[in-house]
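All values derive from a computational prediction rather than experimental measurement.
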Amino acid sequence: MRPDTPAENVDHTAEAARLERTAGLYPEDAETLLLRAAAHLELSGDRPAASTLYDRLLSSADSLDNPHLVRALKASNLWEYGHEAEARAIIDGIRTTAPRDPGPWVIAAEALEAHDELQAAADTFTEAASLFVPDATEPPPATHPVLYGRHRVRRMLGLPHDDWDTLADSLHTSSVTLDELHDPKRVWSLGSDNPAELEAEISRLRAELGAYREALSRPFPVAILHWPAPELTELLSAYPTLTSEYPSHEAHLSTIESSLRELSASGTPNLGIVTGTVPSYEAFAASEGTSPDDATLLPQYATTLAARGRAVAWPPQRGAECWCGVGRVYGDCHGHTGG
């Protein structure tokens, strides 16, 4: 499916089947691909089939990157077609284990919110905020949905603002404030006979939709290919003609950082890095009917890895490890102005 395909023109069942087939070809990407397939099944209305995919993933939970996210998605889906008790049990388990990723928390809290469990939703959002934004300062982008969701639910409960709510207000950049977007009285405007009130509500809804689109948007990344040192050694040993592309590993790493900085300076958005492996590259070359020693294949390989959800955003978040994999903080490694 093309990224710009209108949602109403998508055959969700066919897209889910395509993603399942792709997962069979690329088992290392099965988690990402099957989660997308499950989402399409939910949109098609086949929620039991989506649950089957979630169970398929969870049957190999030891190899999952984010099993808590899969469980949260499964709980949300189960509740939508009548399995409330099981969904609640899964959500309770997520809250107890306290995963270190905001995604499962947001999905669990929004599932509670969608079923009018507002206090439980607020408590779940607050637990997540305590975990990820303990001092209410400089939260990374991944935590923003936690703060926005908490603000929304607390507004519906009529609770006064606290430091986290104030922080959410400061992070929100839409022309319509969070207080307006999350005002419980807005529902009355939708039933008004006053054209001015209706027009104002339409403007707020447009702003809210824009904020959701921005939050959910995952534009196709411009990704640079990265070879870890052992992989690059193996690659050049097998295909020495590629030495002209990679004179040394140190030069390779330096080129990645400088290329990304140039792209960023030119205004290119959504930059990322994908990490290659020799077996994966050879398989890709075979699928393209091309020899792996063809240097023109390298950017195509990078694009394919990005399309399969393998890109890691650049630059790393503040305090995160450097993309090069040596274990140092990015700011002290390739993120250093002199590095």
Side-chain angles (χ1 to χ4, degrees), residues 12-13 16 19-20 23 27 29-134 139 142-159 164 168 182 184 212 215-216 309:
H12 292 292
T13 301
L19 288 163
E20 285 194 69
D29 296 331
E31 182 175 354
T32 297
L33 295 167
L34 291 179
L35 285 179
R36 292 179 185 173
H40 280 287
L41 288 172
E42 289 192 39
L43 290 169
S44 75
D46 194 351
R47 292 187 176 277
S51 285
T52 298
L53 277 187
Y54 293 134
D55 287 336
R56 176 177 162 186
L57 283 166
L58 291 170
S59 67
S60 57
D62 291 342
S63 63
L64 294 179
D65 291 333
N66 196 339
H68 298 295
L69 179 65
V70 179
R71 292 189 181 95
L73 289 166
K74 178 184 175 182
S76 178
N77 181 56
L78 284 170
W79 205 332
E80 291 299 324
Y81 71 107
H83 296 269
E84 177 183 343
E86 186 177 355
R88 286 181 179 276
I90 294 172
I91 290 172
D92 288 344
I94 291 170
R95 294 174 66 179
T96 299
T97 54
R100 300 296 303 184
D101 171 46
W105 289 95
V106 172
I107 292 166
E110 288 183 346
L112 292 164
E113 178 188 357
H115 294 276
D116 295 324
E117 300 284 347
L118 297 183
Q119 188 58 59
D123 292 342
T124 303
F125 276 127
T126 298
E127 290 167 14
S130 300
L131 189 63
F132 298 110
V133 198
T143 66
H144 293 185
V146 170
L147 297 169
Y148 295 156
R150 183 178 182 276
H151 184 289
R152 180 179 61 250
V153 173
R154 285 170 54 81
R155 191 84 165 85
M156 295 172 69
L157 289 169
L159 298 174
W164 280 315
H182 297 162
Y212 272 119
L216 295 173

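In this structure a side-chain-to-backbone donor-acceptor pair under 3.5 Å is missing from Glu127 to Arg95. Panel note: side chain Asp46, backbone Leu41; no donor-acceptor pair is recorded below 3.5 Å. Glu20 places no side-chain N or O within donor-acceptor distance of the main-chain N or O of Ala37, the cut-off being under 3.5 Å. In this structure a side-chain-to-backbone donor-acceptor pair under 3.5 Å is present from Trp105 to Pro99. For the pair Ser76 (side chain) and Ala72 (backbone), a donor-acceptor distance under 3.5 Å is absent. Formation of a donor-acceptor pair under 3.5 Å by the Ser59 side chain with backbone atoms of Arg56 is found in this model.
Atoms CG and NE2, on Leu19 and His12 in that order, are 12.0 Å from each other to the nearest 0.5 Å. Rounded to the nearest 0.5 Å, atoms OG1 (Thr52) and CZ (Arg47) are 13.5 Å apart. Atom CG in Leu147 sits 7.0 Å away from atom NE2 in His144 (nearest 0.5 Å). The CG atom of Asp101 lies 9.0 Å from the NE2 atom of His68; values are rounded to the nearest 0.5 Å. Considering CG of Leu78 and CD of Glu86, their distance stands at 4.5 Å, rounded to 0.5 Å. Note: Asp65 CG to Asp29 CG = 9.5 Å, rounded to the nearest 0.5 Å.
Put simply, the side chain of Arg152 reaches to within 4.5 Å of the side chain of Glu110, judged on heavy atoms. Side-chain contact between Glu31 and Asn66: present, with at least one pair of heavy atoms (C-beta onward) separated by less than 4.5 Å. Residues Arg88 and His115 have side chains not in contact (no heavy-atom distance under 4.5 Å, counting atoms from C-beta outward). Side-chain contact between Pro139 and Phe132 is absent, with no heavy-atom pair separated by less than 4.5 Å. No side-chain heavy atom of Arg154 sits under 4.5 Å from any side-chain heavy atom of Phe125.
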>> Quick one, Glu42 with Glu80, criterion side chain to side chain contact (heavy atoms under 4.5 Å, CB included). Give me CA distance, side-chain angles, the key distance, then yes/no.
In response: CA-CA 10 Å; Glu42 289 192 39; Glu80 291 299 324; 5.8 Å; no

>> Walk me through whether Trp79 and Ile91 qualify under side chain to side chain contact (heavy atoms under 4.5 Å, CB included).
In response: CA-CA 11 Å; Trp79 205 332; Ile91 290 172; 4.0 Å; yes

> Should Arg100 and Leu131 be marked as a side chain to side chain contact (heavy atoms under 4.5 Å, CB included) after you check the CA-CA gap, both sets of side-chain angles, and the distance that decides it?
Replying inline: CA-CA 8 Å; Arg100 300 296 303 184; Leu131 189 63; 2.7 Å; yes

>> Quick one, Val146 with Val133, criterion side chain to side chain contact (heavy atoms under 4.5 Å, CB included). Give me CA distance, side-chain angles, the key distance, then yes/no.
In response: CA-CA 9 Å; Val146 170; Val133 198; 5.9 Å; no

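For the pair Val153 and Leu118, the tightest heavy-atom approach, listed with the atom from each and the gap, is CG1-O, 3.2 Å. When all heavy atoms of Ser130 and Trp164 are compared, the pair lying nearest together is OG-CH2, 3.4 Å. The heavy-atom pair separating Thr143 from Pro102 by the smallest distance is CG2-CG, 4.2 Å. Heavy atoms only, all atoms of each residue included: Leu53 and Ala38 are closest at CD1-N, 3.6 Å. Between Leu58 and Pro67, the shortest heavy-atom contact is CD2-O, 3.9 Å. Here the closest heavy-atom approach between residue Pro104 and residue Leu69 is recorded as CG-N, 3.5 Å.
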